[in-house]
Amino acid sequence: MNHFNASRQPMPAQRPNNTPGSAEARKLAEDLMDAMSALLGLIERETELVRAGKVREAMTMEGKKQELSRRYVGAISQLKANQDKLAKSAPELLSTLHRHHDAFRAMLQVNLTVLATAHAVSESVVRGVNAEIQKRNVPNTYTAAGRRAAPGPRHITPLAVSRTL
């Protein structure tokens, strides 16, 4: 067959390329779901530990949490880069991912609330301890009007906290 005849052959009907696009979309979705599941499992465990007052144990998860967060961000970036193809080849998969992501964000919000509460409580404790220490360091004097004198800056001493205890 020569070049002329080959170009005159009827071209096969172009079918939508659903299979490779769909497989690629499914791979992107699976990567994102795996990243969200792994990160969510770790975050749920961290939330349990912080609620139980085991902050030190929760802090040991930081490295793994960073690694899973990077994996999650990478999966989201890949998904965003291919969002148009995904919307065309697998719109039902995209809507499922949106629903799962909404649940994921809700769990993250719970975790952030627990962490913010723990932070506020610990900050309150440290401020209370500091206030008690400062009271002991300040001389008890009174003004001419009979009121307690406010301490000057030279009487205030800094509070040092050791994290290795």
Side-chain angles (χ1 to χ4, degrees), residues 10-137 151 153 156-165:
M11 290 189 55
Q14 293 248 344
R15 292 184 330 181
N17 195 1
N18 286 342
T19 308
S22 181
E24 184 180 329
R26 295 228 181 274
K27 174 72 172 123
L28 290 172
E30 285 175 11
D31 289 348
L32 180 59
M33 292 296 288
D34 290 345
M36 281 194 300
S37 295
L39 188 56
L40 191 57
L42 186 74
I43 286 172
E44 286 174 344
R45 178 70 181 136
E46 179 188 51
T47 301
E48 290 171 9
L49 290 171
V50 171
R51 280 184 175 159
K54 299 178 181 178
V55 177
R56 186 179 309 255
E57 192 176 333
M59 288 173 60
T60 63
M61 303 173 136
E62 189 63 31
K64 183 73 173 167
K65 189 174 171 183
Q66 286 177 350
E67 174 191 328
L68 291 173
S69 295
R70 276 192 290 275
R71 189 172 144 205
Y72 167 75
V73 169
I76 287 288
S77 298
Q78 285 292 322
L79 193 70
K80 281 184 179 181
N82 294 299
Q83 188 171 4
D84 292 339
K85 285 196 290 188
L86 187 60
K88 291 176 185 173
S89 66
E92 71 289 342
L93 185 60
L94 192 58
S95 64
T96 301
L97 282 173
H98 280 291
R99 282 194 307 275
H100 282 293
H101 198 260
D102 289 342
F104 178 73
R105 280 194 307 209
M107 286 305 296
L108 281 179
Q109 189 60 45
V110 168
N111 177 263
L112 290 174
T113 302
V114 168
L115 292 176
T117 302
H119 182 267
V121 167
S122 63
E123 184 177 339
S124 175
V125 168
V126 169
R127 287 185 188 274
V129 168
N130 186 39
E132 287 299 316
I133 290 172
Q134 297 309 322
K135 281 182 189 177
R136 293 181 186 161
N137 291 337
I156 296 175
T157 57
L159 175 67
V161 178
S162 173
R163 294 182 179 209
T164 60
L165 293 177

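All values below were derived from every heavy atom in this structure, side-chain atoms included, with hydrogens, water molecules and symmetry-related copies excluded.
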Hey, could you give me the [atom1]/[atom2] distance between [X] and [Y], rounded to the nearest 0.5 Å?
X: Ser69; Y: Glu62; atom1: OG; atom2: CD; answer: 8.0 Å
X: Leu115; Y: Leu108; atom1: CG; atom2: CG; answer: 10.5 Å
X: Gln66; Y: Leu39; atom1: CD; atom2: CG; answer: 11.5 Å
X: Ile76; Y: Met36; atom1: CD1; atom2: CE; answer: 6.5 Å
X: Glu46; Y: Lys65; atom1: CD; atom2: NZ; answer: 3.5 Å
X: Arg45; Y: Glu57; atom1: CZ; atom2: CD; answer: 5.5 Å

Sequence-distant partners of [X], side-chain hydrogen bond (donor to acceptor under 3.5 Å, both in side chains), two or more places apart:
X: His119; result: none
X: Arg127; result: Glu123
X: Thr96; result: Arg99
X: Lys64; result: none

Salt bridge (Lys or Arg N to Asp or Glu O under 4.0 Å) between Glu92 and Arg26, worked out
CA-CA 11 Å; Glu92 71 289 342; Arg26 295 228 181 274; 3.7 Å; yes
Sub-4.5 Å side-chain heavy-atom contact between [X] and [Y]:
X: Arg71; Y: Glu67; result: no
X: Phe104; Y: Met107; result: no
X: Leu28; Y: Leu86; result: no
X: Leu32; Y: His100; result: no

Keeping to residues at least two apart or across chains, list the side-chain hydrogen bond (donor to acceptor under 3.5 Å, both in side chains) pairs with something in residues 30-41.
Lys27-Asp31
Check: Ala120 main-chain N/O paired with Ser124 side-chain donor or acceptor under 3.5 Å:
no
Could you list the residues that satisfy salt bridge (Lys or Arg N to Asp or Glu O under 4.0 Å) with Asp102, not counting sequence neighbours?
Arg105
